[in-house]
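Reviewing the structure listed below.
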Protein chains: 2
Amino acid sequence: MPNIREIAKRAGVSVTTVSRVLNHHPYVKEEKRERVLNAMKELKYTRNIQAVHLAKGYSNMFGIVLPTIDHSYFSGLVTGIAEKAQACGMHFALFQTGYDPLKEKEALMSLNERRVDGLIFCSNALSDRDILKWQESGPIIFCHPTPHDDCSAVSIAHDQALKEGLHHLAACGHERIAIVLARTEGANSQTRLQAYQDMMQSLGQDIDEKWIIEGKLTLFDGKQLFTEWQGMKNRPTALLITNDNVSAGFLLEAQRHHIKVGESPAILSFQNEQLSEALGISSIEIPLKQMGQEAFDLYDRALKGDAPEKRVLPFRLIERATTVLQNNR
Amino acid sequence: MPNIREIAKRAGVSVTTVSRVLNHHPYVKEEKRERVLNAMKELKYTRNIQAVHLAKGYSNMFGIVLPTIDHSYFSGLVTGIAEKAQACGMHFALFQTGYDPLKEKEALMSLNERRVDGLIFCSNALSDRDILKWQESGPIIFCHPTPHDDCSAVSIAHDQALKEGLHHLAACGHERIAIVLARTEGANSQTRLQAYQDMMQSLGQDIDEKWIIEGKLTLFDGKQLFTEWQGMKNRPTALLITNDNVSAGFLLEAQRHHIKVGESPAILSFQNEQLSEALGISSIEIPLKQMGQEAFDLYDRALKGDAPEKRVLPFRLIERATTVLQNNR
DNA sequence: GTGAAAGCGCTAACAT
DNA sequence: ATGTTAGCGCTTTCAC
């Protein structure tokens, strides 16, 4: 593995010139540039990126932090981030946390010790505030609404989407509406629940505490949810489910049990991936790819020193078979 | 950002001692270790991992190369790899290629310039042989059967699984069986097709060239496949589909068209993710997580200089509703 | 335009 | 046990 010193010797120039060629610096005579390029070819030179990193002080590498990549929500988000990153010649490491605060801290450690220049949090267990303490080591971007104004974030207007969803269910004739969340999150969960409670109150509907269901993320969780729903004494007639996989699991399990259409609860989902379209599940579209792209853009701007920015993306309610006007309730 | 020199000064020791403390070297007096640790705390020291990488010559970082993370096959595989990697304190970068050879080459470049110590290829467009040329820069692992004996690989016995699948379909009374592949791959595709052809011949069934279908990877592709199937003059009565998402798309589209059970073709799928269970699709289980774990293990061993190794994991045919005994064909 | 030389922050002989 | 010192391979002033 030759280094630039050897290339310099071979080409009869200084290491500086070699470095200039390497970095496309303009001030190099064409003739010398050629000589250097040839020497590189002959010696099969490849730069040692680690040395570049040390000398420059950054690595063009960032980290994506998420609970698990094995879920369409997050893999969709990552795909969007990756597209843009790749176009900029940036690389990224993946940190899977399983919502373990310790693992999230490891990602923050990687930022601290400069393994990555910055981090994009797709979802986090630690509080946003705690995470932002590490910002002096590099930019941190969130993919959910966050109240802190010293950081950039991208998201849809979750509260508004939730309200619109409830509105839709109400318009379909439902009053006994349950809400199904992915997990118990700190601040976000609170605001969402608040929106739910406000909305239900305005419908004049008391909330059964069993109607607030948390910790549902996968298809399997959705199947279980159906069983739980069956076991409820005070069954909701509609479910607002914050993830397509859960909705699909619920619906498929309902079908497997040959639940009659009239008896199955209405389902309004979030995300709108291919699966919910194929199953005819009404869903509020979350533009994941775009969200990922914007997240990267925000990261890129933060790197350049731009001021923090909040971006709110549009959502769209897509009506399908699981939410239709009810007359008999 | 203090460096070890400053820590050394503050603690009244040499940089070597600081380095030793940092690397848990045994030969350090407890008292000095304390002093160093204190100095670190006081100055809020964190090591610069880039400098460590340069000095050591490796980075404990590898790359995972795949067409897209936004597919349950690959995200499952990555999850398995990540679990093991994380347990070893290793990090990884993701390279999404979309089966673009140029992008695969970029990943190989990253290996070459030591951004990563090695690569795990989940699936590749370039030939295995071409990829292996880069092995002098670091270990390369494949996640499919490969004939080259200078590399490690993990997979299930694809050919055997395919044969067992065809056997099963034949046992259910099918003779006109189509095969649906993810894409036109070089060597792998050939051997699979060979297995298909051999098997069909032994069934005494001529193959309609339209029964060999390629380029199907997603749920959406599966929906399209149904339409294509409907349009065929010489319709197969059974489909061997190499991916659950495609199978699900096909089945759901069939259901949407109210195809009667007897008229819908039998489906035997591969992968066996939650979705195929929920939909009652017969599927040949591919132990993705385990495959990922083994892939990492192979990588780890290759790093240590162990000899290349091929690992073949067990598969399992799970019968469900889409493959049942037919009497009327 | 070009080059000498001083880092970047850490590791690892080697000497003591 | 501990310290001195020479790298690791590149970038980047600064002077010419």
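Letters go in sequence order (proteins before strands), and every chain restarts at 1.
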*asked:* Using a 4.0 Å cut-off to any heavy atom of chain A, which nucleotides of DNA chain D are the first and last in contact, reading 5' to 3'?
replied: dG9(D) to dT12(D)
*Is it true that the side chains of Thr68(B) and Tyr99(B) contain a donor and an acceptor less than 3.5 Å apart?*
no
*Does the distance from a Lys or Arg side-chain N to an Asp or Glu carboxylate O, for Glu31(A) and Arg35(A), drop under 4.0 Å?*
yes
_Could you check whether Glu83(A) and Gln293(A), counting side-chain N and O atoms only, form a donor-acceptor pair closer than 3.5 Å?_
yes
*So does Arg311(B) pair up with Asp297(B), basic N to acidic O under 4.0 Å?*
yes
*Five-pair end axes of the helix from dG1(C)-dC16(D) to dT16(C)-dA1(D), angle between them (10°)*: 30°
*Could you check which residues of residues 133-140 of chain B get a heavy atom under 4.0 Å from DNA chain D? Sort them by number, please.*
none
*Determine the minimum heavy-atom distance between Ile156(B) and Pro314(B), stating which atoms define it.*
CG2-O, 4.2 Å
*Taking the six-membered ring for Trp, are Phe62(A) and Phe296(A) parallel (under 30°), tilted (30 to 60°) or perpendicular (over 60°)?*
tilted
*Salt-bridge present (Lys32(A), Glu30(A); N to O < 4.0 Å)*: no
*Arg20(A) and Tyr27(A): side-chain donor and acceptor closer than 3.5 Å?*
no
*Between dA4(C) (P) and Lys9(A) (NZ): distance, integer Å*: 13 Å
Can I get a per-line list of side-chain donor-acceptor pairs under 3.5 Å for residues 134-141 of chain B, giving both atom names and the distance, sequence neighbours left out?
residue, atom, partner, partner atom, Å
Gln135(B), NE2, Asp150(B), O, 3.0
Ser137(B), OG, Asn112(B), OD1, 3.1

*asked:* Is there a ring pair (Phe, Tyr, Trp, His ring centres under 6.0 Å) between His91(A) and Phe95(B)? Walk through the geometry before answering.
replied: CA-CA 8 Å; His91(A) 296 86; Phe95(B) 295 90; 5.7 Å; yes
_Nucleic acid footprint by protein, nucleotides 7-13 of chain C - heavy-atom cut-off 4.0 Å, B for base, S for sugar-phosphate alone_ = -BBBBBB
_Presence of salt bridge, Lys289(B) and Asp70(A), under 4.0 angstrom_ = yes
Sequence neighbours excluded and cut-off under 3.5 Å, please list the side-chain donor-acceptor pairs for residues 52-60 of chain B, or say none.
residue, atom, partner, partner atom, Å
His53(B), NE2, Ser59(B), O, 3.3
Ser59(B), OG, Asp117(B), OD1, 3.3

